[in-house]
Structures are given as structure tokens and as C-alpha cells.
Amino acid sequence: MDWGMKNRLARIIQPGDGRAVMLAVDHGYFLGPTSGLEEPRKTVEPLLPYADSIMLTRGVLRTSVDPNSKIPVVLRVSGGTSILKELSNEDITVSVEDAVRLNVSAMALSIFVGAEFEKQTLVSLARLVDQGEKYGIPVLAVTAVGKDMARDARYLGLSCRIAAELGAHLVKTYHCEDFETVVQSCPVPIIVAGGKKTPEVEALQLTYDSVRGGAVGVDMGRNIFQSDSPVGMIRAVRAVVHEKASVDEACKIYESTKSGRARRTG
Ligand code: 5RP
């Protein structure tokens, strides 16, 4: 791995502890104006001080993130479909030259193992890795799960391993029972997606279980920006990932941030 690739990866996975808090706000690329992300700049700005990196599309990056910001960018470069159609029918939507111009730290692409357009997405991953290797940009493979697929260790393990075999430098997947086996059989770092909004304590438990199970951290979106205290939630997630906080301790951070904000505005 060359210096540029290593340097970019070190912006995402913190060299001090080998952990990562990635803020996911790329949902609009197929969901449109997702709840909590209607005005991306308003959502993103207060959260940036607490994220190690941010995952988003180039459209939101250009319009809603200050170019003076030092936040490392994980650019979503796959898409071409919408919630109204077959989700697996994705292609690469950004050239590597534009990713270079945007000074990104990684490029992210979804693969849909077992879905109708499985091959198309896997070949896209391999092509993107070729481009990434050429320019020293790591590739994050997102193991997307089709509507009819189980989020179990067997299926997620299959998807993560295929992603790594095709050259992904980092893999995003879901937490599941026997998550450790998914991590053990994937030779590159795994980061865990938050998934649908759940009560804060559950999302913090998921964060705790993920890092304890061997993930480098979380790539969390809805459980942060749809929380009634997004800053409280990302601070709590950060404490679990980087400061070895327990779920109870993290809940207290969330509650105290939330009530502090409530006092100021109320
Ligand atoms: C959408 C994504 C999201 O970035 C990923 O699912 C993480 O967000 P959330 O925590 O809301 O699940 O890749 O396709």
C-alpha cells in the first residue's frame, strides 16, 4: 500500500486507537430528502466537530459543507437508482478525477450480493478499486442488503469477504448475531452501519457490541441525525468508540447534552 493510500486511510481510521466515527449523510442519493436531512447543511454543521469523517455525495459536499472544513470526506460514488426502482441496479456515478478534485479520503460504493444486479455491482467495485489504486484513494465497499435478504452472519460474511477479495480497503456492513465470525473472515477493517432509527440506548448498544466484536467503529446516520439530540448522540457514540465508554456512560453523555440544550433553548 503506498503512502497516499495509507495517509488517506489514517484520516478515517484514527492511528491512535485504530477506531473510526464516520457520520453517514449520503442517504439522499436514492431516498431523496430523508427525514432529518431535508437541509443537509443545517444537519451536518453542528455534528462535524465530533466526526472523524463524513460520508456523503458530491452534491451535498459542494453545497452543504464549508470547503475550509478539515473533515475527511468519504465520497459516495455509486448510485443511479431510487427507492422507486430495483435498488441493486447501481453504477459508478463519479469519475475518480472528480474524487481527486474534491480531495476525498475514500470512495464508497454499494455491492448487492444475491440481488438482481449482483454482478454489475461487484464488477463496479473491482473497477473502482483499480482506479483507487491508481490514485492512492481507498475504497469503502458498502454491503447493501436487498429487501428479501437476511442480515445474518452467513450472508454478511459472504458479502464482506467478497468485497475484500475484490480489493476493497474497508467494508461497511451491519451488526448481527455471531458478528465476530464476520470480522474474522474479512481480512480488511469492518465498520458498522447504524441502520434504521431505534431508541438511543439501542443504537449505543449496537455501537458497543460492534467495536467489542472487532469493528473499527461505526458509520452512523439516522440514529444520529434523526435523534432528538443529534449532537448528544454523536458525542455518546464517540465516547463508546474512542473512549471505551460503557452503554450507561454513553447514555448519560447523550442525556446531559440533550438536557443542556433543552435548558438553553427553553
Ligand atoms: C445508505 C448508506 C448509509 O450511509 C448507511 O446505511 C449508514 O447510515 P445509517 O446509519 O442511517 O444506516 O450506505 O445506503
Side-chain angles (χ1 to χ4, degrees), residues 12 20-38 40 43-44 47 50-61 71-83 85-94 104-113 115 117 121 124-125 128 139-147 149 151 156 159-160 163 168 170-176 190-200 202-211 215-227 230 233-234 236-238 240-241:
I12 297 167
V21 173
M22 192 182 289
L23 173 65
V25 290
D26 60 318
H27 305 62
Y29 91 95
F30 73 102
L31 287 173
T34 314
S35 170
L37 274 182
E38 294 87 349
T43 303
V44 162
L47 300 174
Y50 307 100
D52 296 323
S53 64
I54 186 169
M55 180 182 176
L56 75 184
T57 59
R58 66 178 164 187
V60 168
L61 180 64
I71 189 82
V73 170
V74 179
L75 189 70
R76 174 167 282 282
V77 302
S78 71
T81 186
S82 82
I83 191 71
K85 294 276 193 179
E86 168 53 41
L87 286 181
S88 69
N89 194 8
E90 284 197 2
D91 231 317
I92 295 175
T93 51
V94 180
V104 307
S105 297
M107 300 182 288
L109 168 144
S110 293
I111 58 167
F112 291 80
V113 172
F117 291 93
T121 62
S124 289
L125 171 61
L128 190 66
V139 171
L140 165 65
V142 177
T143 59
V145 179
K147 287 187 198 95
M149 283 160 204
R151 291 187 185 190
L156 296 175
S159 301
C160 289
L170 181 62
V171 174
K172 175 162 83 161
T173 196
Y174 293 92
H175 189 265
C176 60
I190 287 188
I191 193 160
V192 169
K196 281 188 183 151
K197 176 76 178 76
T198 57
E200 278 73 9
E202 286 177 27
L204 292 170
Q205 185 71 53
L206 171 99
T207 305
Y208 183 87
D209 292 343
S210 299
V211 292
V216 294
V218 289
D219 181 17
M220 192 174 276
R222 289 163 289 181
N223 276 292
I224 293 173
F225 62 71
Q226 292 177 353
S227 168
M233 196 54 189
I234 196 168
V237 166
R238 196 172 175 84
V240 173
V241 171

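Note that ligands are numbered from 1 as they come in the structure, with each ligand's atoms numbered from 1 the same way.
- Contact record, S53 with I12: OG-CG2, 4.1 Å, taken as the closest heavy-atom pair.
- With a 4.0 Å heavy-atom cut-off, ligand 1 is reached by the side chain of R76 but not by its N, CA, C or O.
- Between V142 and ligand 1, no N or O atom pair is found at a separation short of 3.5 Å.
- Within the model, atoms CG of L87 and CG of L31 stand 8.0 Å from one another, a figure rounded to the nearest 0.5 Å.
- Under a 4.0 Å heavy-atom criterion, N223 is not in contact with ligand 1.
- For the residue pair T198 and N223, a side-chain donor N or O sits within less than 3.5 Å of a side-chain acceptor on the partner.
- Here is the list of ligand 1 atoms found below 4.0 Å of a heavy atom in A24: 4 (O), 7 (C), 8 (O).
- Residues satisfying the side-chain hydrogen bond (donor to acceptor under 3.5 Å, both in side chains) criterion with S227, sequence neighbours excluded, are E200.
- Residues E90 and T121 bring no donor and acceptor atom of their side chains to less than 3.5 Å of each other.
- A donor and an acceptor atom, one from each side chain of T143 and T173, are located under 3.5 Å apart.
- A donor-acceptor pair shorter than 3.5 Å can be found between the side chains of R76 and S110.
- Atoms of ligand 1 lying under 4.0 Å from any heavy atom of R222, numbered from 1 in the order shown and given with element: 9 (P), 10 (O), 11 (O), 12 (O).
- Considering backbone and side-chain N/O of F30, none are found under 3.5 Å from N/O of ligand 1.
- In terms of protein heavy-atom proximity, atom 1 (C) of ligand 1 is closest to D26 OD2, 3.8 Å.
- For ligand 1, the atoms sitting less than 4.0 Å from at least one non-hydrogen atom of D219 are 7 (C), 10 (O), numbered in the order shown with element in parentheses.
- Geometrically, R238 does not engage Y50 in a cation-pi contact defined by less than 6.0 Å to the ring centre and at most 45° from the axis.
- When only non-hydrogen protein atoms are considered, atom 8 (O) of ligand 1 lies nearest to H27 NE2, 3.1 Å.
- Closest protein heavy atom to atom 10 (O) of ligand 1: G221 N, 2.8 Å.
- Nearest residue to atom 3 (C) of ligand 1 from K196, M220, K172 is K172 (criterion: closest heavy atom).
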